[in-house]
Amino acid sequence: MKNWLRQHGLCFAGAIAQLARTPLASLLNIGVIGVALALPLAFYVVLVNVQNLSHDKSPVPQVSLFLALDAQAADTREIESLLKKHSSVAKIRYISRDQALADLKAKSGLADVIGALGGNPLPDGFVIDAKDNSAAALESLRDEFKKWPKVEHVQLDSAWARRLDAALQLGRLIVLVLGALLAFALVAVTFNTIRLQIVTQRDEIEVAKLIGATNPFIRRPFLYYGALLGLAGGLTGWLITLGGLHLLNGRLSGLSDLYGARLRLQHLSMPDTLSLCVFAAALGWLGAWLSASGNLAAFDPQ
Amino acid sequence: MVSFSQVTKRYPGGFEALKAVSLDIQPGEMVVITGHSGAGKSTLLKLMADIERPNTGTVLVNGQNVGTLRASAIPFLRRNFGLMFQDHKLLYDRSVYQNVMLPLNIIGYGAEDAAKRVRAALDKVGLLGKEKALPVTLSGGEQQRLAIARAIVHRPSILLADEPTANLDAAYAAELGELLRSFHQVGVTVIIATHDEQLAARLQPRRIVLDTGRVVS
Ligand SMILES: Nc1ncnc2c1ncn2[C@@H]1O[C@H](COP(=O)(O)OP(=O)(O)OP(=O)(O)O)[C@@H](O)[C@H]1O
Ligand SMILES: [Mg+2]
């Protein structure tokens with residue numbers, strides 16, 4: 001056990017020494033991997049933020065229900081009581097046609113035009129908050145309300161929710177595709193780096209094999225190096241994203257003041273950061289493994 | 001311990017370096033293989049350690065047919081040997097100490113045990129004072145002795161030495177001969193390939209003479 005630890009400690013020290021031996025090349029490699037990872041990472045971070053925003057801070061999508069113009073006060077009361085009894089309805093607000101007209105006059109500045117109309121062209125209406133705000137639930141409510149007597153028109157605010165959903169789905173797809181492409185880039189970078197190292201350490205590998213080193217033994221320091229490279233690249237990507245967010249949040253705070261809302265993009269959560277590190281290290285390890293396994297076969301006797 | 005039967009080795013390009021070679025080497029023997037340059041001495045040693053493989057015939061080491069070993073078994077075969085190469089194959093960017101440590105790291109010795117063995121091996125060849133030196137700063141004789149230290153540090157049962165006295169003057173060569181004899185005396189099977197007649201005469205070993213790939217005596 002102690003011995004086993006010593007073997008791995010030696011490999012780890014070897015990998016660090018290897019990084020330090022060619023500092024510029026190592027830094028450039030880590031930088032390339034960092035930039036490659038920062039791209040999907042930034043996308044992902046924005047995606048997560050938008051998702052959070054749409055979950056807890058957005059105005060609740062609403063259903064607006066308008067009665068027919070010839071509806072009587074009794075019809076209105078009937079609808080109101082139906083709504084109040086309905087199990088999917090969270091809250092309702094009644095807007096009488098007189099109130100609606102007054103609002104319109106006050107807000108639109110069209111008082112003269114509206115005055116010239118003579119009568120009140122607006123119907124009585126209800127604004128309804130549903131308990132379940134998914135697009136599908138809202139649509140089934142709309143279809144139900146439409147069948148009620150004296151209901152002229154039911155309008156849904158779910159269109160934007162659907163659009164957001166679609167946008168988020170597209171975003172997820174983009175993150176996946178970018179992630180896969182750049183994961184491939186990471187593997188390729190480590191593959192090549194390790195291949196070069198094997199070429200420059202030809203003599204050493206040859207001697208080690210001649211005096212009884214197994215392939216796993218020779219491969220091990222390269223695997224450590226690859227994993228270390230991936231990990232360092234992952235952390236660099238994380239830092240780049242952090243820098244980007246910092247810049248963006250500076251801008252957003254100006255916007256926030258303007259709209260009176262608090263807009264701040266959050267960086268990756270702790271579990272996500274951990275997964276990033278593990279993922280990047282694993283990819284580096286994989287690239288090194290592919291490279292070492294492919295390039296060490298040439299040393300065996302024919 | 002090592003036995004060849006009807007072994008032929010043809011290198012890529014068609015050149016036959018060994019032709020129908022048969023021989024037996026017993027445990028604890030000291031054997032010197034001589035012959036002109038190009039006779040096939042190095043090739044013979046390489047076949048023993050599975051560095052090259054025979055085209056026909058079989059090479060047995062400790063009863064194992066080395067010509068058919070799986071790649072993953074080769075390292076464990078090679079750990080039976082201490083190998084001194086004609087071109088040394090020292091690592092020139094590592095210190096004397098690290099060069100001798102290499103076989104122990106490969107086999108997986110514990111830190112303290114390994115350090116002790118490295119010192120013992122360096123002491124044996126008289127290089128204890130040069131642990132930290134790089135091999136290029138050593139004389140030819142010292143490099144040769146460093147190669148010996150690396151070959152015997154893990155206490156192999158067979159020592160294969162290819163031209164151990166090349167480039168050494170007579171005094172150094174005599175000293176090195178004594179060193180090799182001392183391993184033989186503690187029971188190591190010592191197999192030496194050389195065209196150094198003086199070395200062969202001094203050690204008075206069993207001799208195998210090669211001529212253009214054939215054993216002539
Ligand atoms: N890798 C190789 N490819 C092709 N031919 C080779 C190879 N290695 C050795 N030979 C040839 O095989 C023959 C025997 O070589 P070997 O190295 O065994 O000779 P040797 O007896 O050790 O000679 P020396 O005393 O010069 O070291 C030589 O003619 C050499 O040219
Ligand atoms: Mg030779």
Chain A heavy atoms under 4.5 Å from B:Ala49: which part of the residue, side chain, backbone, both or neither?
neither

Interchain contact, B:Asp113 with chain A, by part (heavy-atom threshold 4.5 Å)
neither

Matching residue for B:Pro75 among A:Leu210, A:Ile211, A:Thr214 - test: side-chain contact (heavy atoms from CB on, under 4.5 Å):
A:Thr214

So for atom CZ, which belongs to A:Phe43, do other residues, nucleotides or ligands contribute more than 12 heavy atoms lying within a distance under 6.0 Å?
no

Around atom CZ of A:Phe12, are there more than 12 heavy atoms of other residues, nucleotides or ligands at under 6.0 Å?
no

Chain A: which of B:Phe85, B:Tyr92, B:Phe81 shares the most heavy-atom pairs with it under 4.5 Å?
B:Phe85

Check against side-chain contact (heavy atoms from CB on, under 4.5 Å), A:Glu204 and B:Leu102:
CA-CA 10 Å; A:Glu204 201 173 325; B:Leu102 186 64; 5.9 Å; no

If I compare all heavy atoms of B:Lys89 with all of A:Glu206, which pair ends up nearest, and what's the gap?
NZ-OE2, 3.4 Å

For the residue pair A:Phe217 and B:Asn105, what are the closest heavy atoms and their distance?
CE1-O, 3.4 Å

Please indicate whether B:Lys130 has more than 12 foreign heavy atoms, meaning atoms of other residues, nucleotides or ligands, lying under 6.0 Å from its NZ.
no

Counting only heavy atoms not in A:Arg172, do more than 12 fall under 6.0 Å of its CZ?
yes

Please check if atom CZ in B:Arg10 has more than 12 non-hydrogen atoms from other residues, nucleotides or ligands closer than 6.0 Å.
no

